[in-house]
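Notes follow once the structure below has been shown.
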2 protein chains.
Amino acid sequence: MYTILLEHIRKYVAITDDEAGLICSKLKVTAIKKKAFLLIPGKVCKANYFVSKGLLRLYFINKKEQEQITQFGLECWWITDYDSLDTQKPSGFYIQAVEDAEVIAWTQETQAELTHAIPQLETYFRKILQRAYTAAQRRIVYILDYTDEERYRLFSTSYPGFLQRVPQYMLASYLGFTPQFLSKIRAKK
Amino acid sequence: MYTILLEHIRKYVAITDDEAGLICSKLKVTAIKKKAFLLIPGKVCKANYFVSKGLLRLYFINKKEQEQITQFGLECWWITDYDSLDTQKPSGFYIQAVEDAEVIAWTQETQAELTHAIPQLETYFRKILQRAYTAAQRRIVYILDYTDEERYRLFSTSYPGFLQRVPQYMLASYLGFTPQFLSKIRAKK
DNA sequence: CTCATTTCTTAATCCTGATTAACTTTTTGC
DNA sequence: GCAAAAAGTTAATCAGGATTAAGAAATGAG
């Protein structure tokens, strides 16, 4: 089902039904099973992935040999390693399904073909990126201004439903601390 | 002098000399003195600023009542509070000149007028934002994977020239620790 | 040139969250 | 349904940086 992507695009730019048809004709939906990978280190990232169903995570192995999650990809989020996608160099990241999921792969060829035919898509991606960049900046602000405990409490009140969908150790990793510490602050109250 | 902006645009997209002329006709260069502000909290951010000369900083006052720098803006970087610019809500940030500087203000009206006439500008900004987003992601990776001391050493070997241009307390703020700690690790070797 | 302000340094103490390790509970695969 | 693996808990010890406070050095304005 591409409807979810088309609806998302139409939240940002106006496209005709013909244009929508063209977009669909160039895309395919890929199902990925829980724990399957879309990208592993050493490989070049081949697409920007629109999550139409389920939940993915982007992570790398840090200096302490532990998984460090940098991003989750929920429904209607784009997830990719832009650095690898742009430079065509091998990635250092994993992209993995946390739940059974479906993604729409948007390759560089898709980008070239479709933005040529539908210039508004360039605007769509500019707006999406501006939103993503703003979110990344806000995340940096939170990291700099709040303690780990404060960030956990903020996160869990802001996204209570999300807590049910990920193991605690993944949330701890995303927030930048250890599962033990998360247990400790959960026990406190 | 707009040449520096035109050159920057031409690194990403092709524009004709006529288009370049149109761009220049809509813009003006603003000089700002060291310590002067382009934005203060409570005001709506009015433009995206291209730094054509000098050095700016983006910062906010954190919960401990201290200046927290989130970004520096060197020559050829764009600097703004995208959140405020996009939503037209009051900003929580300061944008201030660290050295005497010159900026080219790119307002929402400029954006509307010029991207209508020159669609490649949409591509230019998409690419700029993709680069900025990638840099923000990389910064998050560094924060999560390195200690404060490691990040200082990495930064000072990566950008030795930049160290001469900012007071140490500003670098400490940007890197997320105290000036005292910076003194301490500098003394170590 | 001089005084005032800004920036930088040093050191003692304190706090947040990491590490280690053992154990419990839950989930998964066959 | 059961064994094995994965996920979560608890507690003791440890480390990286913050805080506080005082003084030294550099910069700037008149």
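Values reported hereafter were calculated over all heavy atoms of this structure, with side chains retained and with hydrogens, waters and symmetry mates removed. So you know, we letter chains A, B, ... as the sequences are listed, proteins then strands, and number each from 1.
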Atom-pair distance ([atom1] on [X]; [atom2] on [N]), nearest Å:
X	N	atom1	atom2	answer
A/Leu182	C/dT16	CG	P	17 Å
A/Phe181	D/dT13	CZ	C1'	16 Å
B/Leu171	C/dT7	CG	C1'	14 Å
B/Tyr169	D/dA25	OH	C1'	16 Å
A/Glu99	C/dT27	CD	C1'	16 Å

Evaluation steps, side chain to side chain contact (heavy atoms under 4.5 Å, CB included), between B/Val166 and B/Tyr174: CA-CA 11 Å; B/Val166 287; B/Tyr174 176 75; over 6 Å; no

Is there a side-chain contact between [X] and the phosphate of [N], meaning an N or O under 4.0 Å from OP1 or OP2?
X	N	answer
A/Arg186	D/dT9	yes
B/Lys184	C/dC8	no
A/Thr178	C/dA18	yes
A/Lys64	C/dA18	no
A/Gln66	C/dA18	no

Sugar-phosphate, base or nothing in reach of A/Ser183, heavy atoms under 4.0 Å: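 Base: the residue A/Ser183, judged by heavy atoms under 4.0 Å, touches a nucleobase.
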
Candidate nucleotides D/dT9, C/dA18, C/dT10, ranked by approach to the side chain of A/Asp148 - the nearest: C/dA18

Closest nucleotide among C/dA18, D/dG8, C/dT9 to the B/Gln180 side chain: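 Looking only at heavy atoms from C-beta outward on B/Gln180, the closest nucleotide is C/dT9.
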
Within the 6.0 Å centroid threshold, strictly below: B/Trp77 and B/Phe72: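 So the answer is no for these two rings.
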
B/Tyr152 ring center near B/Phe181 ring center (under 6.0 Å): no

Closest-nucleotide ordering on DNA chain C, the 5'-leading residue of B/Gln168 and B/Lys35: B/Lys35

Which residue lies more 5' along DNA chain D, comparing B/Phe177 with B/Lys34 via nearest heavy atoms: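 Looking at DNA chain D, the more 5' nearest nucleotide goes with B/Phe177.
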
Aromatic plane relationship, B/Phe60 with B/Phe93 - under 30° parallel, 30 to 60° tilted, over 60° perpendicular: perpendicular

